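Notes to accompany the following structure.
Source: prediction; values computed, not measured.
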Amino acid sequence: MRLWLRTSALIGAALLCTNLASAQSRNDRDDRDDGDVPNYALAVAVGLVEPRNQTETYYTAQLRIRIGRDEDDENGGGGARRDRSIQGYIEPEVGYWKSTDDRIKGDDTLLGVNLVGAFPFAAAESFLGVGVGAHFVDSSLLENTSAVKGSETKLGVNAQFGIDLNLTRTLSVFGAGRFDLVQGA
């Protein structure tokens, strides 16, 4: 696990360094046709979750929708350049993981929504967020025993943080840390 974390940090640092030279030019940003923050972004990710001292693979997808509009833009259609000190987003999400434990089988599907604040820098953007969602989780995972069958719907909340590394104007790689609390788990 430590090797995976160290390798990810090195790859992230390398990607950040490759974009720094192009990020220093103000003309690139000022000469864009749209000049503002995109209204939508789609994220697809594979991560790790550790429910009971066993690491499982977690799959997720989010649609990041920008909140608000440019101050100088009355129609909300873009075209006005704005200072990007902080930007807010609503982020509907879906997530899934399945237990690979031999004794306890089950899965957890999440449907939720997050409120995210992003802080842009030259070649990267850090973000913080909170969210709420419905977890459709197998009862065997909640009770930690294979004797229970069926599934339950539980309320969950989360807090998250991360960084987006801009590869191009329309593509970035991100890393995130997240802490979820699920009712009854």
Side-chain angles (χ1 to χ4, degrees), residues 1-16 38-67 86-119 124-167 170-185:
M1 179 75 174
R2 287 185 184 173
L3 178 62
W4 181 86
L5 184 60
R6 190 176 322 143
T7 304
S8 297
L10 289 173
I11 290 171
L15 289 173
L16 182 61
N39 290 325
Y40 303 98
L42 177 64
V44 179
V46 176
L48 301 173
V49 63
E50 190 173 350
R52 289 184 179 83
N53 297 327
Q54 184 171 347
T55 305
E56 307 288 353
T57 305
Y58 180 76
Y59 305 97
T60 184
Q62 297 100 9
L63 176 64
R64 190 173 275 189
I65 305 166
R66 183 170 58 119
I67 299 173
I86 185 171
Q87 184 62 53
Y89 298 92
I90 294 284
E91 188 177 78
E93 70 173 327
V94 60
Y96 176 81
W97 70 271
K98 183 176 181 176
S99 173
T100 58
D101 190 344
D102 292 337
R103 295 178 298 120
I104 302 172
K105 300 288 184 190
D107 57 26
D108 179 7
T109 303
L110 163 70
L111 295 176
V113 65
N114 301 315
L115 181 59
V116 177
F119 310 93
E125 180 174 88
S126 63
F127 60 89
L128 299 170
V130 295
V132 63
H135 288 261
F136 304 97
V137 60
D138 287 340
S139 299
S140 59
L141 292 175
L142 291 173
E143 301 295 328
N144 199 20
T145 180
S146 60
V148 180
K149 300 294 181 201
S151 69
E152 299 179 38
T153 302
K154 297 292 185 175
L155 180 65
V157 295
N158 72 71
Q160 55 189 286
F161 62 92
I163 189 165
D164 288 325
L165 301 173
N166 301 319
L167 300 178
T170 58
L171 181 66
S172 66
V173 174
F174 72 95
R178 178 174 167 141
F179 185 74
D180 282 88
L181 293 173
V182 179
Q183 174 189 14

Over all heavy atoms of both residues, which pair between [X] and [Y] is shortest? Give the atoms and the distance, please.
{"X": "Ile90", "Y": "Leu115", "answer": "CD1-CD1, 3.9 Å"}
{"X": "Leu155", "Y": "Val132", "answer": "CD1-CG2, 3.6 Å"}
{"X": "Ser146", "Y": "Ile104", "answer": "N-CG1, 4.4 Å"}
{"X": "Phe127", "Y": "Phe119", "answer": "CA-CD1, 4.5 Å"}
{"X": "Tyr89", "Y": "Ala118", "answer": "CE1-CB, 3.8 Å"}
{"X": "Asp180", "Y": "Asn158", "answer": "OD2-CB, 3.3 Å"}

Return the [atom1] to [atom2] distance between [X] and [Y], rounded to the nearest 0.5 Å.
{"X": "Ile67", "Y": "Gln87", "atom1": "CD1", "atom2": "CD", "value": "8.0 Å"}
{"X": "Tyr96", "Y": "Glu56", "atom1": "OH", "atom2": "CD", "value": "10.5 Å"}
{"X": "Tyr40", "Y": "Ile65", "atom1": "OH", "atom2": "CD1", "value": "6.0 Å"}
{"X": "Tyr58", "Y": "Leu48", "atom1": "OH", "atom2": "CG", "value": "12.0 Å"}

Practice task
Decide yes or no for Asn114 and Arg178: does some side-chain heavy atom of the first lie under 4.5 Å from some side-chain heavy atom of the second?
Solution key: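 Yes, their side chains come closer than 4.5 Å.
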
Exercise for the section: Output yes when a side-chain donor or acceptor of Ser140 lies under 3.5 Å from a complementary backbone atom of Lys105, and no otherwise. Expected result: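 Indeed, once roles are kept as given, a pair shorter than 3.5 Å links the two residues.
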
Practice task
Look only at the side chain of Ser99 and the backbone of Asp107, and say whether a donor-acceptor pair between them is shorter than 3.5 Å.
Solution key: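 Side chain of Ser99 to backbone of Asp107, a donor-acceptor pair under 3.5 Å: no, none is there.
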
Handout entry: Contacts of type salt bridge (Lys or Arg N to Asp or Glu O under 4.0 Å), residue Glu91, not counting sequence neighbours
Key =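 With sequence neighbours excluded, Glu91 shows a salt bridge (Lys or Arg N to Asp or Glu O under 4.0 Å) to Arg64, given in chain and number order.
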
Exercise for the section: Could you note down all residue pairs passing salt bridge (charged side-chain N to carboxylate O under 4.0 Å, His left out) where residues 136-152 supplies at least one of them, sequence neighbours left out? Expected result: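 Sorted pair list: Glu152-Lys154.
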
Exercise for the section: Count the heavy atoms of every other residue, nucleotide or ligand shown that sit under 6.0 Å from CZ of Phe161, and state whether that count exceeds 12. Expected result: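 Incorrect, the count does not exceed 12.
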
